[in-house]
Peer 1: 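Have a look at this one before I ask anything.
As the structure is a computational prediction, the values presented were derived from the model and not from experiment.
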Amino acid sequence: MKQLWQALMMLRRCDRGSFWRRLVYVMLQSILPLINLYILKILIDTVQAGVAGTMSSENVLIWLLAMCAVSLLNRVVSALNGVNNDVLSQRLIDYMSDIVQRQAATVDLSAYDMPEYHDIFHRAQQESVSRPLQILNSFMSLIGSVVSIAGVIVMLTSASWWVVPVMVIAVMPSFAVRLYKAQSIYNFRRSNTQLYRRTAYYGSLLTSRQSAAEMRAFRLAPTFRRLFVEARARLSSQLLAISRRLGALDVACALIEIAAMFVIVWLLASKAFAGAITIGSFVMLFEAFRRGQGYLSSFVGAIASLYDNRLFVSNLFEFLNLQPTILCPEKPVPVPDTVECIEFRDITFRYPDMDHDVLSHYNLNVRRGELCRIEGRNGYGKSTLVKLLLRLYDPQQGVVLVNGVDIRQFNPAEWRSHVAVLFQDFVRYACTVDENIAFGNSTLSSKHSALISFVDRLPQGTRTLLGRVFDGGSELSMGQWQRIALERALSSNAPVVILDEPMAWMDIATRRIFNETLEQITPDRIVIMINHQ
């Protein structure tokens with residue numbers, strides 16, 4: 001119940017006005033049909049009296065107009081509720097997307113190294129928008145059903161007190177089946193999270209721009225289509241087995257409910273034949289029982305849905321409850337504007353779930369004005385140094401010192417703003433040239449360095465949209481993309497510059513320009529450049 005309540009509070013915070021309007025509309029939509037049902041009874045009895053000559057046609061007209069007015073009001077409320085639901089749904093999509101994105105941005109980078117995190121994130125992503133809204137719908141349906149059932153009970157007890165217990169008992173098997181269905185589907189989805197992720201992965205390989213060339217060059221599309229189909233077939237066969245079992249149980253429940261309806265309607269008809277109730281009362285009670293079964297079914301469905309959504313929304317809160325370990329200290333030390341020295345002292349580090357150290361008792365000391373070149377073979381931990389210096393990870397042993405201060409005493413976000421970095425696997429942002437460079441926190445002017453002189457030949461210069469993801473974009477070569485990423489790092493005023501494989505895609509002319517740029521920036525900064533030997 002705690003998680004259901006938390007989900008409801010999320011919806012209320014998302015849009016308080018829409019939330020409370022939804023509650024009012026649901027109450028009205030529950031009460032108005034009952035009022036109309038009572039008016040129908042009076043209308044039929046009035047018509048019957050008119051036929052007998054004891055009532056005038058004006059009375060029939062009055063009750064007919066009353067029924068039409070209530071029906072119109074119900075339609076207006078329904079339309080308002082529909083608009084309100086659309087508004088709430090859109091606000092919820094934005095609100096939940098923001099919550100999930102914020103949480104994803106705060107978890108440790110080490111989480112991305114663990115399959116368990118990707119399972120948790122996949123489940124949360126699947127449930128983040130739909131489940132809270134479904135909880136609201138189920139909660140509102142529960143309230144509406146309670147109001148409607150209360151009115152139906154008052155009507156039915158006027159005929160016979162035992163009608164209500166029969167109606168309630170008849171719907172209990174359906175209630176049990178729905179709970180069983182909710183638990184079965186939840187268990188299936190949770191146990192097959194990785195299989196669902198595999199289908200998404202195979203699908204992305206078959207459809208994404210990044211893999212399109214290799215899919216064709218190596219004729220891999222048939223292989224991954226086969227893997228996708230096989231994975232989906234496994235999921236479908238399991239779901240079909242669950243569906244068949246539940247379908248048989250639903251039929252059995254329907255037989256019980258129909259038998260109850262037969263008994264109750266025969267009882268009411270017998271009372272009408274005996275003159276114990278009027279024709280109007282018979283119609284009202286018959287319709288009340290029929291609707292009562294529907295309301296009870298909705299009530300049971302709402303409880304089952306809340307149970308179902310409680311299971312699935314736990315996936316969302318499992319993700320939202322993840323806590324980072326790379327935290328800002330309570331009283332952070334101010335980051336110095338001038339970084340005189342960086343020292344890696346006795347660093348030992350291994351990634352999560354690895355059986356060996358990437359770095360073991362590693363030491364390095366770099367001072368301002370120095371260009372530190374780190375070279376070595378693949379897998380020797382060169383790029384790991386970048387992540388440790390940015391405090392994306394903490395070492396298992398040793399410290400990283402800046403001007404003699406452990407970087408764990410800094411606010412991580414503030415410290416990272418003092419470091420400009422070119423990652424080996426840099427991101428190619430589908431944004432303009434200006435925006436791609438400005439992401440490095442640089443103060444961009446109308447001029448740019450010789451490293452990206454090629455942008456003058458682009459359709460709109462530095463305002464050109466890059467990539468072919470959106471309309472009007474211009475694609476670059478990998479070498480040009482790297483030069484954009486390098487400009488992003490070098491144009492920053494950060495006192496520390498880290499370049500991981502900066503010349504991997506450079507031609508000879510560009511390397512000359514790059515080396516000249518390094519000579520200009522090195523005297524005032526610490527520059528660490530990583531190369532493979």
Side-chain angles (χ1 to χ4, degrees), residues 101-113 117 320-352 357-374 381-424 426 438-443 488-500 518 521-530:
Q101 290 165 5
R102 283 176 181 270
Q103 177 67 356
T106 59
V107 298
D108 295 335
L109 192 63
S110 59
Y112 290 84
D113 300 324
Y117 168 77
L320 295 180
N321 290 334
L322 292 176
Q323 297 296 322
T325 59
I326 307 294
L327 300 172
C328 178
E330 291 185 8
K331 296 181 179 180
V333 174
V335 178
D337 293 330
T338 302
V339 177
E340 297 289 347
C341 177
I342 291 176
E343 181 183 359
F344 292 83
R345 181 183 297 175
D346 195 33
I347 295 292
T348 296
F349 175 79
R350 68 171 59 185
Y351 288 101
D357 295 332
V358 178
L359 296 169
S360 180
H361 303 289
Y362 181 84
N363 293 278
L364 176 68
N365 197 307
V366 189
R367 303 194 67 82
R368 185 162 69 98
E370 294 180 353
L371 170 58
C372 175
R373 296 178 185 271
I374 301 175
K382 301 182 302 299
S383 297
T384 300
L385 290 174
V386 179
K387 298 171 184 176
L388 291 174
L389 182 56
L390 287 167
R391 212 191 162 205
L392 301 175
Y393 295 87
D394 281 337
Q396 281 79 29
Q397 180 180 325
V399 292
V400 180
L401 303 171
V402 172
N403 292 1
V405 179
D406 187 341
I407 63 170
R408 286 173 291 194
Q409 297 185 44
F410 297 148
N411 180 327
E414 184 185 359
W415 164 238
R416 290 166 191 160
S417 69
H418 284 63
V419 181
V421 60
L422 168 70
F423 288 103
Q424 184 179 1
F426 57 86
F439 291 151
N441 298 318
S442 61
T443 303
R488 178 162 59 239
L490 296 180
S491 61
S492 169
N493 295 320
V496 180
V497 178
I498 308 174
L499 307 174
D500 193 351
L518 280 184
I521 70 168
T522 299
D524 298 322
R525 310 189 196 186
I526 289 178
V527 181
I528 299 175
M529 187 162 68
I530 297 171

Peer 1: Taking all non-hydrogen atoms of both residues into account, name the closest pair between Ile347 and Gly398 and its distance.
Peer 2: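 Looking at all heavy atoms of both residues, the closest pair is CD1-C, 3.8 Å.
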Peer 1: Provide the closest heavy-atom pair for Ala489 versus Ala420 in the form atom of the first, atom of the second, distance.
Peer 2: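 Smallest heavy-atom distance, with atoms named: O-CB, 3.3 Å.
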Peer 1: Do Leu385 and Ile528 make a side-chain contact, defined as non-hydrogen atoms from C-beta onward lying under 4.5 Å apart?
Peer 2: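 In short, these two side chains do not touch, never coming nearer than 4.5 Å.
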Peer 1: Would you check if Val400 and Leu389 make a side-chain contact, meaning some heavy-atom pair closer than 4.5 Å?
Peer 2: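 Yes - at least one pair of side-chain heavy atoms lies under 4.5 Å apart.
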Peer 1: Can you tell me how far CG of Asp394 sits from CZ of Phe349, rounded to the nearest 0.5 angstrom?
Peer 2: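 Nearest 0.5 Å value for the CZ-CG distance: 9.0 Å.
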Peer 1: How close do Pro329 and Pro332 get, counting heavy atoms only, and between which atoms?
Peer 2: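 For Pro329 and Pro332, the tightest heavy-atom pair comes out as O-CD, 3.3 Å.
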Peer 1: Check the pair Leu392, Ile326 against side-chain contact (heavy atoms from CB on, under 4.5 Å), reporting the backbone distance first and the verdict last.
Peer 2: CA-CA 7 Å; Leu392 301 175; Ile326 307 294; over 6 Å; no
Peer 1: Parallel, tilted or perpendicular for Trp415 and Phe410, by the 30°/60° rule?
Peer 2: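 Answer is tilted, since the angle falls between 30° and 60°.
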Peer 1: For Gln103 and Leu320, indicate whether the former's side chain and the latter's backbone hold a donor-acceptor pair under 3.5 Å.
Peer 2: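 Side chain of Gln103 to backbone of Leu320: a pair is present.
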Peer 1: Please report the closest heavy-atom contact between Val402 and Pro336, naming both atoms and the distance.
Peer 2: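 Here Val402 and Pro336 meet closest at CG1-CG, 4.3 Å.
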Peer 1: My understanding is that only residues two or more places apart in sequence, or in another chain, count here; which of them pass side-chain hydrogen bond (donor to acceptor under 3.5 Å, both in side chains) with Glu340?
Peer 2: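 By the side-chain hydrogen bond (donor to acceptor under 3.5 Å, both in side chains) rule, Glu340 matches Arg368.
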Peer 1: Under a 4.5 Å cut-off applied to non-hydrogen side-chain atoms, are Ile530 and Leu499 in contact?
Peer 2: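 Result no, sub-4.5 Å side-chain heavy-atom pair not found.
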Peer 1: Name the residue from Leu401, Leu364, Asp406, Asn365 that meets the side chain to side chain contact (heavy atoms under 4.5 Å, CB included) definition with Arg345.
Peer 2: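 Running side chain to side chain contact (heavy atoms under 4.5 Å, CB included) over Leu401, Leu364, Asp406, Asn365 with Arg345 returns exactly one hit, Leu401.
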Peer 1: Go through the structure and list residues passing ring-ring contact (aromatic ring centres under 6.0 Å, His included) with Tyr112, not counting sequence neighbours.
Peer 2: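 Tyr112 satisfies ring-ring contact (aromatic ring centres under 6.0 Å, His included) with Tyr117 only.
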Peer 1: Main chain of Arg416, side chain of Arg391: is a donor-acceptor contact present, judged purely on distance under 3.5 Å?
Peer 2: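 Flag not set: sc Arg391 to bb Arg416 has no pair under 3.5 Å.
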Peer 1: Quick one: closest heavy-atom pair of Ile342 and Val339, and the distance?
Peer 2: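 Heavy atoms of Ile342 and Val339 come nearest at CG1-CG1, 3.9 Å.
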Peer 1: Hey, does the side chain of Asn403 reach the backbone of Thr338 with a donor-acceptor pair shorter than 3.5 angstrom?
Peer 2: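 Side chain of Asn403 to backbone of Thr338: a pair is present.
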Peer 1: Below 4.5 Å, heavy atoms only, C-beta onward: do Tyr362 and Leu388 meet side chain to side chain?
Peer 2: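 No, too far: nothing below the 4.5 Å cut-off.
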Peer 1: Would you mind reporting whether Leu518 and Met529 have side-chain heavy atoms less than 4.5 Å apart?
Peer 2: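 Yes. Closest side-chain heavy atoms under 4.5 Å.
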Peer 1: What is the distance from atom CG of Asn411 to atom CG of Leu327, rounded to the nearest 0.5 Å?
Peer 2: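 Rounded to the nearest 0.5 Å, the CG-CG separation comes to 10.5 Å.
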Peer 1: Working to the nearest 0.5 angstrom, can you tell me the gap between Asp337 CG and His418 NE2?
Peer 2: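 Asp337 atom CG to His418 atom NE2 measures 5.0 Å (nearest 0.5 Å).
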Peer 1: Check for a donor-acceptor pair, side chain of Asp500 on one end and backbone N or O of Leu422 on the other, with a separation under 3.5 Å.
Peer 2: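 No, the answer is negative, given that no donor and acceptor are paired below the 3.5 Å cut-off.
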Peer 1: Out of Asp113, Asp108, Thr325, which residue meets the side chain to side chain donor-acceptor pair (under 3.5 Å) rule with Tyr393?
Peer 2: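 Single side chain to side chain donor-acceptor pair (under 3.5 Å) partner of Tyr393 among Asp113, Asp108, Thr325: Asp113.
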Peer 1: What distance separates Gln397 CD from Arg350 CZ, expressed to the nearest 0.5 Å?
Peer 2: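 Output value for this atom pair is 11.5 Å.
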Peer 1: Taking all heavy atoms of Asn493 and all of Arg525, pick out the closest pair and write down the distance.
Peer 2: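 Looking at all heavy atoms of both residues, the closest pair is CA-NH2, 4.3 Å.
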Peer 1: Does the Ser417 side chain pair with the main chain of Glu414, one donor and one acceptor, at a distance under 3.5 Å?
Peer 2: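 Side chain of Ser417 to backbone of Glu414, a donor-acceptor pair under 3.5 Å: yes, one is there.
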Peer 1: Output the distance between atom OH (Tyr351) and atom NZ (Lys387), rounded to the nearest 0.5 Å.
Peer 2: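 Here the rounded value is 4.0 Å.
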